[in-house]
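Okay, so here's the structure we're looking at.
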Amino acid sequence: MQIKSPKYIYDFFNGVIQGENVKHYKKLYKEIDFIYKTRDNQLSPDTVMYEVYSFNEGGSNILLWGLTVIYPITINGECNMTRGHFHEDREEPEIYFGCSGEGLLLYLDSQGKIFAEKVFKGSLHYIHGNYAHRLVNTGDDTLRVGACWREAAGHDYKSIDEKPFPNRVYKKDGKIDIA
Ligand SMILES: O=P(O)(O)OC[C@H]1O[C@](O)(CO)[C@@H](O)[C@@H]1O
């Protein structure tokens, strides 16, 4: 029997996913400035707000393993966050797990009902397919959150653009304020 080295390596708590098929992109401020309540003209448009790593092995039923790395930036007091999305297929769930840092995972249903869960190293989150989800970095350090989902889920950003998350998370004098 041949013993192979793993194709992928992931230092769960501090590192990123590495391996042959790993895809990676950076989300820049200029690409998502519209998601924040206000614009910050002092922040360079090329500032990296968050990065996403993922891999899959192809096939007819693709399972993805991912990592989102969200930097501790505030935009006029508003905490940095992911764009947020529903799954195109509202039957498809996703699992998130906190690797480092502190944050909130916002869940929003199609009726506009919202709630949040705290995210921290070791936290585990089951996102049912009918919830839009957005990560918010509320801490002073980088927030790292792993994820597992099926490609069949797809990303529906349009619904969020049309009917955004009703709450925003701010940090004032070190205190979290939800408006
Ligand atoms: O697509 P968003 O909302 O910017 O979130 C970042 C990424 O987080 C994930 O949910 C997990 O990595 C991806 O599906 C998504 O692209």
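Bear in mind that the values here come from a model prediction, so they are computed numbers and not experimental data. Atoms within each ligand, like the ligands themselves, are counted from 1 in listed order.
Those atoms of ligand 1 with a heavy atom of Y25 less than 4.0 angstrom away are 16 (O). Which parts of ligand 1 touch Y96 is read off a 4.0 Å heavy-atom cut-off, strictly below it: atoms 8 (O), 9 (C), 10 (O). Atoms of ligand 1 lying under 4.0 Å from any heavy atom of T68, numbered from 1 in the order shown and given with element: 7 (C), 8 (O), 11 (C), 12 (O).
Of the protein's non-hydrogen atoms, the one nearest atom 14 (O) of ligand 1 is H155 NE2, 2.8 Å. Atom 6 (C) of ligand 1 has as its closest protein heavy atom V52 CG2, 3.8 Å. The nearest heavy-atom contact from the protein to atom 2 (P) of ligand 1 is H85 ND1, 3.5 Å. Protein heavy atom closest to atom 4 (O) of ligand 1, with residue, atom name and distance, is Y50 OH, 2.4 Å.
No heavy atom of K27 sits closer than 4.0 Å to any atom of ligand 1. Residue contact annotation: F86 has no non-hydrogen atom under 4.0 Å from ligand 1. Under a 4.0 Å heavy-atom criterion, Y53 is not in contact with ligand 1.
Judged purely by distance below 3.5 Å, without hydrogens or angles, the side chains of E117 and Y126 never pair a donor atom with an acceptor atom.
A salt bridge links R168 with E78: at least one charged nitrogen is closer than 4.0 Å to a carboxylate oxygen. The pair D46-K26 does not count as a salt bridge, with every side-chain nitrogen at least 4.0 angstrom from each carboxylate oxygen.
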### Check against side chain to side chain contact (heavy atoms under 4.5 Å, CB included), S54 and L64
CA-CA 7 Å; S54 69; L64 291 118; 4.0 Å; yes
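Relative orientation of the Y29 and Y36 rings is tilted, given thresholds of 30° and 60° on the angle between their planes.
Counting all heavy atoms, side chain and backbone alike, Y170 lies closest to A179 at CE1-CB, 3.8 Å.
With atom 3 (O) of ligand 1 as the reference point, the heavy atom nearest to it among A132, A153, G84 is part of G84.
Counting only heavy atoms from C-beta outward, the side chains of H125 and V119 approach each other to under 4.5 Å.
Among the atoms of Y157, some N or O lies under 3.5 angstrom from an N or O of ligand 1.
When atom types are taken as modelled, the side chain of D173 and the backbone of K175 share no donor-acceptor pair closer than 3.5 angstrom. Between the side chain of K163 and the backbone N or O of S110 there is at least one donor-acceptor pair closer than 3.5 Å.
Within the 4.0 Å heavy-atom criterion, the part of E94 lying near ligand 1 is the side chain and not the backbone.
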